[in-house]
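This report concerns only the one structure given below.
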Amino acid sequence: MILSRSFSSTYLRLSILSVLGLFAVNTAVAATTDVNTVNDDNLPQVELDKIVVTATRTPTKTSNVIAQTQVVDSEELKHYKGQTVLDVLKRQPGFSHYASGGMGTTSNFYVRGYDSKQVLVLIDGVRYSSLSAGSATLNLLPADQIDRIEVLYGASGSSIYGADAMGGVIQVFTKGNNVEQSNISVTAGTGSHNQYLYGASAQFANDNGTTLSLAASHNETDGFNATLPRDLPSQTDDDGFESDNYSLLLNQKINDNLRFGISGLYSKSTTDIDAYDDYMTGAPALKHAFADQESGAASAYLEHLTDSSNTKLQYGYSIDESTTYETDANNGSQYDTKQQQISLISVQDLPVGKVTLGAEHLKQTLESNVYDADDRKITSGFLGYLLSYNGFDAQANIRYDDYSDFDSETTYNLGAAYNISPDFRIGASYAKGYRIPTFNDLYGPKSWGSNPNLKPETSDNYEAFIEYNTSLQSTRITGYHNKVNDLIASDGKSTPEYIYGQRINTDKAKIKGVTLTSDWAIDSYLFGASYDYQKAKDDSDYTGKVDYLGNPIDYNGNYLPIRPENKGLIYLGYRLPSLDIRAEYEYIGHYYYSVNNADSQLIDSFGLLNISGNYQLTDNLTMTARLNNITNKDYVTALGYNTDGTNFFTSLTYNWF
């Protein structure tokens, strides 16, 4: 018997909902038992005031941080088994994204209106990105190898970490940062589109101050057709993905004052893609085109601690290597990024506040068979001051970067906050940001419009907030207004040499918006919401500018693409020692897919309903399940590219303690 696609998807949806319904009934019974037998002190508590390091480069309570931060901890990451870091982040406040298909396919993300090229990504403090494209491939990093993720919004990161942090900083921490006891675990999972995940991890801890974490996993899926049949009827095959993922984290206490550690996160993957005929050479597209990728980072550190100081020396190495085979299965387009950095950071307590001193050296290298690029070297020094005294918080940073291929840059930020009462806090900050051009911008083929004379983009970022925190909830309203200058864009003048025009520093943008977040924990119930209102608009002077056909253009006042004006998420959860279940509804308002804001480029608004949970079946066996797009919403994030309907993933993990 052959079932229609609509009937099959409906049957799948009802089947999964039935299973989850039975799961909910069983766990509700278990929960009732737990309530009667478990002391309140043993119930899991939601930590509303967490410790972060990304916002200041030293451990700081979120209640003392001025710029907006977001922490995705290990408990929340359990809801994303079988998914990627991008899957986690795209649901966080301030984020928008698009994807050209399923897992592993080309995608991009935006933070408060800033493109991913303007957002710095770190893995355990090490820079991670593609030097050619400029952005980080978060869709290749597996969520099951991650301990937590910290997000620093705004440009204050520029004065702490340097270029490319104009729109914020995302730091990914490798699995194993919080080893409490030795254990071994194995995981097996399955999901829609023949997705299979299996892996193992081992964690070791002793009384001598040694903690070690090792993990490995394999994830594969047949995927789904990335392109819409009505747009590319010849590209109707499923686009699969597979990856092998590894992580390592070792911390060793040498004595009371000295610690040593190493960490590593590595992923090797292959993604099926839809190839197009090469219009430059006339080469026919491969029927089964694909891309091979290797990505990750490793680091080693030595840290000296006293009662009043902390000094850390760290060496880091990261890669983002990709070869795409579209017309020749043996010779693909290769872009291999390597970054090496060494840093020395010292934090010293003062009679009032603390001071941070640091120096860094970074070497960036791109190896490609498409074009040649010079190595880039950056030597940096920075100074920071933190104060938390009598309800008053202040932060000031200044950083100097000396580039081998650009003039030196100095950035800074100033911020202050005050507790009006024990629960109410207000604050404001200003930050200067910048972004250096990508290697594609500078050194790529002239047909791409590359221009070696480009200069960095710059921004002025203003932020103010009011927050209300109690033992039950944390609520914050943040307003921001950013002015971005010297944006890199095409001059629109088509020539035989520059097919679509040359890239120049001509564009400007104004980005302003408000973000509301509210998270509550009452007994075992968790609930909350986030809402973003944003206007990210072009503010350029297009006098005399024409497109590649010679037609005059003026995008002044148009919305920047992939920046919805409205976005929101609400969630409801229930958490016990043996149960953690959560339902969420995410709404994405309409947005434009290109800067011309034509009606044909409008992406309609959509809403997605998801449910996920973890249930400890026995002391050693844990079940996880996630059901996405329960209502089977038909939507797109990028014109011409497909998205998934109702889909699920479930897994079992067995632990030996």
Side-chain angles (χ1 to χ4, degrees), residues 67 94 108 110-120 134-135 152-169 378 397-403 405-415 428-442 449-464 479-493 501-513 534-545 553-563 592 594-597:
N108 198 16
Y110 305 82
V111 183
R112 279 194 185 172
Y114 284 103
D115 186 276
S116 61
K117 294 189 292 290
Q118 300 161 324
V119 178
L120 177 63
S135 57
L152 171 64
Y153 295 87
S156 63
S158 285
S159 59
I160 305 174
Y161 300 98
D164 310 325
M166 180 189 294
V169 180
I378 308 109
N397 295 285
I398 187 168
R399 180 179 174 113
Y400 174 83
D401 293 294
D402 183 30
Y403 285 87
D405 51 352
F406 287 98
D407 293 336
S408 60
E409 290 278 354
T410 299
T411 51
Y412 61 92
N413 84 286
L414 300 168
S429 63
Y430 166 81
K432 190 75 176 179
Y434 74 107
R435 178 185 80 87
I436 54 178
T438 69
F439 282 21
N440 281 359
D441 291 333
L442 295 168
S450 301
N451 181 358
N453 298 314
L454 291 170
K455 60 183 180 180
E457 301 173 342
T458 62
S459 68
D460 295 279
N461 303 264
Y462 304 85
E463 181 177 315
Y480 54 90
H481 188 181
N482 306 324
K483 299 178 181 179
V484 191
N485 295 309
D486 298 319
L487 282 172
I488 297 170
S490 169
D491 63 6
K493 298 176 181 178
Q502 188 181 33
R503 300 181 193 186
I504 58 176
N505 295 97
T506 182
D507 284 4
K508 300 179 182 179
K510 286 185 179 179
I511 305 171
K512 56 184 179 181
Q534 175 184 268
K535 282 192 174 182
K537 291 192 172 185
D538 194 300
D539 193 42
S540 305
D541 181 3
Y542 286 95
T543 303
K545 193 171 182 180
I553 57 174
D554 185 0
Y555 298 147
N556 187 287
N558 285 7
Y559 284 94
L560 301 181
I562 329 292
R563 279 82 157 184
Y592 292 98
S594 74
V595 72
N596 65 17
N597 285 194

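All figures in this text were calculated on a predicted structure; none of them were measured in a lab.
With rounding to the nearest 0.5 angstrom, the CZ atom of F406 is 6.0 Å from the CD1 atom of I436. Here CD1 of I562 is found 8.5 Å from OG of S594. Values are rounded to the nearest 0.5 Å. Of the inter-residue distances, the one linking N413 atom CG with R399 atom CZ reads 12.5 Å to the nearest 0.5 angstrom. In this structure, the separation between CD on E409 and CG on D402 is 11.0 Å, given to the nearest 0.5 Å. Interatomic distance, CG of L414 versus CD1 of I398, reported as 9.0 Å (0.5 Å rounding). Between K455 atom NZ and I504 atom CD1 the span is 10.5 Å, to the nearest 0.5 Å.
Between the side chains of D538 and N558, no donor-acceptor pair is found at a separation under 3.5 Å. Residues T438 and N440 bring no donor and acceptor atom of their side chains to less than 3.5 Å of each other. In this structure, a donor-acceptor pair under 3.5 Å is absent between the side chains of N482 and S459.
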Original post:
Could you go step by step and tell me if T506 and L487 meet the side-chain contact (heavy atoms from CB on, under 4.5 Å) rule?
Top reply: CA-CA 6 Å; T506 182; L487 282 172; over 6 Å; no
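For R563 against D115, the heavy-atom pair with the smallest separation is NH2-N, 3.8 Å. Minimum interatomic distance between I511 and G113 (heavy atoms only, all atoms of both residues): CD1-O, 3.7 Å. Nearest heavy atom pair, residue Y559 against residue N597, reads N-OD1, 2.8 Å. In terms of heavy-atom proximity, S158 sits nearest to T411 at O-OG1, 3.2 Å. The shortest heavy-atom contact between S450 and Q502 is O-NE2, 4.2 Å. Between P456 and D486, the shortest heavy-atom contact is O-CB, 3.8 Å.
Side-chain contact between I488 and N505 is present, with at least one heavy-atom pair separated by less than 4.5 Å. At least one side-chain heavy atom of Y480 sits less than 4.5 Å from a side-chain heavy atom of Q534. Put simply, the side chain of Y153 reaches to within 4.5 Å of the side chain of V111, judged on heavy atoms. A heavy-atom distance below 4.5 Å is not found between the side chains of Y555 and S540.
For the salt bridge (Lys or Arg N to Asp or Glu O under 4.0 Å) test with D460, the passing option among K432, K483, K508 is K432; the others fail. Y434 pairs in a side-chain hydrogen bond (donor to acceptor under 3.5 Å, both in side chains) with only one of the listed residues (D164, D401, T458), which is D401.
Between E457 and K117, no side-chain nitrogen of the basic residue sits less than 4.0 Å from a carboxylate oxygen of the acidic one, so the salt-bridge criterion is not met.
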